[in-house]
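Data block below; observations after.
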Amino acid sequence: MATETVAKPRTSLRVGVQKFGTFLSGMIMPNIGAFIAWGLITALFIKEGWIPVAELGGFGTNAEGVTNPGLVGPMVKYLLPLLIAYTGGRMVYDVRGGVVGAIATMGVIAGTTSPMFIGAMIMGPLGGWTIKQLDRLWDGKIRPGFEMLVNNFSAGIWGAALALGGFYGLSFIVKIFTDGAGAVVQFLVNNGLLPLTSIFIEPAKVLFLNNAINHGVLTPLGIQQSLDHGKSILFLLEANPGPGMGILLAYMFFGRGAAKASAPGAAIIHFFGGIHEIYFPYVLMKPILILAAIGGGMTGIATLAITNSGLVAPAAPGSILAVIAQTSRDSYVGVILAVVLATTVSFLIASLILRTSKNKGEDDLTEATSRMEAMKGKKSSVSSALVGDRAGERGGTVLTRPVQNIVFACDAGMGSSAMGASVLRNKIKAAGFPDVKVTNSAIANLSDSYDVVITHEDLTERAQPRTASAMHFSVDNFMNSPRYDEIVELVKASNTESPAGDTAAPTAAATHGAHAAEPAAAVVGKGVLLPESVVLNGTAQDRDTAIDEAGQLLLDRGAVDVSYVHAMHEREESVSTYMGSFLAIPHGTNDAKEHIRHSAVSIIRYPEGIDWGGKKVKFVVGVAGLNNEHLHILSSIAKIFTDKAQVAQLEEATTVEEVLELFGKVNA
């Protein structure tokens, strides 16, 4: 009997490389400020710098005849790798993972004289992941009062073991790889072949595959070259804004329609803002334009090689301002010429293509932007500059049936999805369609039985394979997303067009694994929200400590164990729980439900507001829910935060009792 096989999606390898590159970028990008600081100190104070200072630049000897260590060497040998390692470990397992990752990386740093950036990008996440696995072995088995002792000694012992392994093993392997890769680059330079790398780099940029190459290989090698020679050409292989600028200029002069009209604004964002992805849709509208990007990239690299020019540190983002700021003292002419010539060649090729083509670039820019976002795997932060914020929202599914079953899905199915479902449910009822079922569910519990699926924009890719026949809407604001109004209009249109009586009642399958809000009577006496779990003036200053503060209130209630609080941080690193309207609702992952003892909610107000991943938050609601017991309070919270007047009342409340009353007296 034949066995049915399911082919893997063709994009799986690309998506895997994207995710790997994004992870590498996640270790590098938060520390770009440190790279810039090191670059400025290098440019100013080394022997060949603008203001040579032996004590700072690390050359010459002091009065005792000892070589000056300076700042340049220690920063690149210790500070930058340790920052990368800590960030990588923290991405995997919060602060504890970051600390163990940094300890482990010290071994590879001490094991070689070369800067261990690649070693840091290996040991940091490895340290975080391994200590996470070790913690799981004795989770819940530590006697009360010994938690701190066990946690500290386990991190110290394991970190020391990893450091020894790095010193005696990994440092040697990484040095061989680094030396080998450096030899390959030098071979390309010596034989005039380095410009050929644009054949791979420019298409990789448009496909969002460049992070793995740039942050995984080029940046570490470039820093080694910069340390040895005071500059490196490798920092500009990908960051040169010239190729993209030439394409946008060609559209400005020879394009048509929306592409021509939007190109000037895109050019400013690209060239001065350094956000290169804004020109990708223009290439996707006419893929042959990648030849212009390749030609421009090759010209820029050749110019840098001929003039022996380079940067002292990475230019991130790829703005002309960042490029100039990081240019070596002796390379300004070569770097500026590389950007100008790259722009010129790219412009000439793109102009020739547009002028000789029947299609002048008047294709649907929205469609091209949607393709770009589909390849990126999430909504572009700059796509609204091209086509507004509607690009790529619904996917390719077109419904031929009335909308009757809507699900709001998130990772755990108990926090943000419940809030979003409550808001949308009220809107659809107000529109006159009370029979339309709006539920919430964990993504893992989804089945292909829904008409519409709503997810956070970072989770849509996970939800789509499970619900292929549904329309998908991505949101980034759970409380008042404009997507909700679009869904309401879709409900109206689909149900109005159907003959009366044709609409079938929701099936049992449609609600499988999902949650509908309980009536108020269902939570009476359960004490989901108690006065002692409401704090009017929180003390936290940032997102992570606010999560700890909200989690501590749940711990004090005996509602969860400490592993659930760890899972709250893990959930936040995956997808933000910011809901809009100054509200965040941190909660654990789907796997953390076993650490909930009973349902509880904590509410903390921060009158001055705190930063929550770039959003201002004044109210933090910690959530731990078993079954559906917590959904009524979430429904009450949703109703409040969609009403500006009630949010104002909550901001002005002076007693805990006022807060409880605003939430519908759920414990009355």
Side-chain angles (χ1 to χ4, degrees), residues 18-39 74-110 114-133 135 155-156 158-159 162-163 166 170-171 174 178 210-224 235 239 313-317 322 378 381 458 541-548 566-576 611-614:
Q18 281 181 354
K19 289 181 178 178
F20 177 65
T22 299
F23 187 79
L24 295 179
S25 178
M27 287 189 274
I28 298 291
M29 295 307 293
N31 298 305
I32 284 296
F35 280 91
I36 292 174
W38 173 74
M75 286 181 73
V76 76
K77 183 174 176 61
Y78 299 106
L79 176 64
L80 298 180
L82 289 175
L83 284 174
I84 292 171
Y86 177 83
T87 304
R90 192 176 186 278
M91 289 167 63
V92 176
Y93 195 38
D94 203 55
V95 173
R96 183 169 170 81
V99 171
V100 174
I103 297 171
T105 300
M106 196 61 206
V108 293
I109 291 175
S114 302
M116 274 290 107
F117 292 93
I118 295 177
M121 287 188 279
I122 295 173
M123 295 302 287
L126 179 64
W129 184 82
T130 51
I131 192 64
K132 182 179 181 179
Q133 305 311 309
D135 282 351
W158 185 243
L162 288 176
L170 186 64
S171 61
V174 172
T178 303
N210 57 309
N211 280 336
I213 299 172
N214 192 27
H215 298 301
V217 179
L218 296 181
T219 294
L221 292 178
I223 289 173
Q224 178 65 60
F235 293 133
K378 62 179 180 178
S381 61
D458 292 337
Q541 300 295 317
D542 54 39
R543 183 194 69 180
D544 289 343
T545 50
I547 293 174
D548 287 336
H566 294 159
M568 293 170 74
H569 286 283
E570 184 179 344
R571 170 66 169 80
E572 200 65 43
E573 292 298 329
S574 173
V575 180
S576 174
D611 177 71
W612 200 279

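- Remark: Asp94 engages no residue in a salt bridge (charged side-chain N to carboxylate O under 4.0 Å, His left out) (not counting sequence neighbours).
- At least one side-chain heavy atom of Asp135 sits less than 4.5 Å from a side-chain heavy atom of Arg96.
- To the nearest 0.5 Å, atom CZ of residue Arg543 and atom CG of residue Asp611 are 9.0 Å apart.
- You'll find the side chain of Thr105 stays beyond 4.5 Å of the side chain of Ile84, heavy atoms only.
- For the pair Lys77 and Ile109, the tightest heavy-atom approach, listed with the atom from each and the gap, is NZ-O, 3.2 Å.
- The two residues Val100 and Ala155 come nearest to each other via the heavy atoms CG2-CB, 3.9 Å.
- With hydrogens and angles disregarded, no donor-acceptor distance shorter than 3.5 Å links the side chain of Asn31 to the backbone of Ala34.
- By the 4.5 Å heavy-atom criterion applied to side chains, Ile122 and Leu170 are counted as neighbours.
- Closest non-hydrogen pair, Pro30 versus Thr87, comes out as CG-CG2, 4.1 Å.
- Residues Ala102 and Leu82 share a closest heavy-atom pair of O-CD2, 3.5 Å.
- Looking at every heavy atom in both residues, Ala239 comes nearest to Ala315 through CB-O, 4.0 Å.
- The shortest distance between side-chain heavy atoms of Leu162 and Met123 falls below 4.5 Å.
- In this structure, the side chains of Ile103 and Trp158 stay at 4.5 Å or more apart for every pair of heavy atoms.
- Trp38 has its side chain within reach of Ile223: a pair of non-hydrogen atoms, C-beta onward, lies under 4.5 Å apart.
- Here the closest non-hydrogen pair linking Phe35 and Ala313 is O-CB, 3.7 Å.
- Glu570 places none of its side-chain heavy atoms less than 4.5 Å from the side chain of Tyr93.
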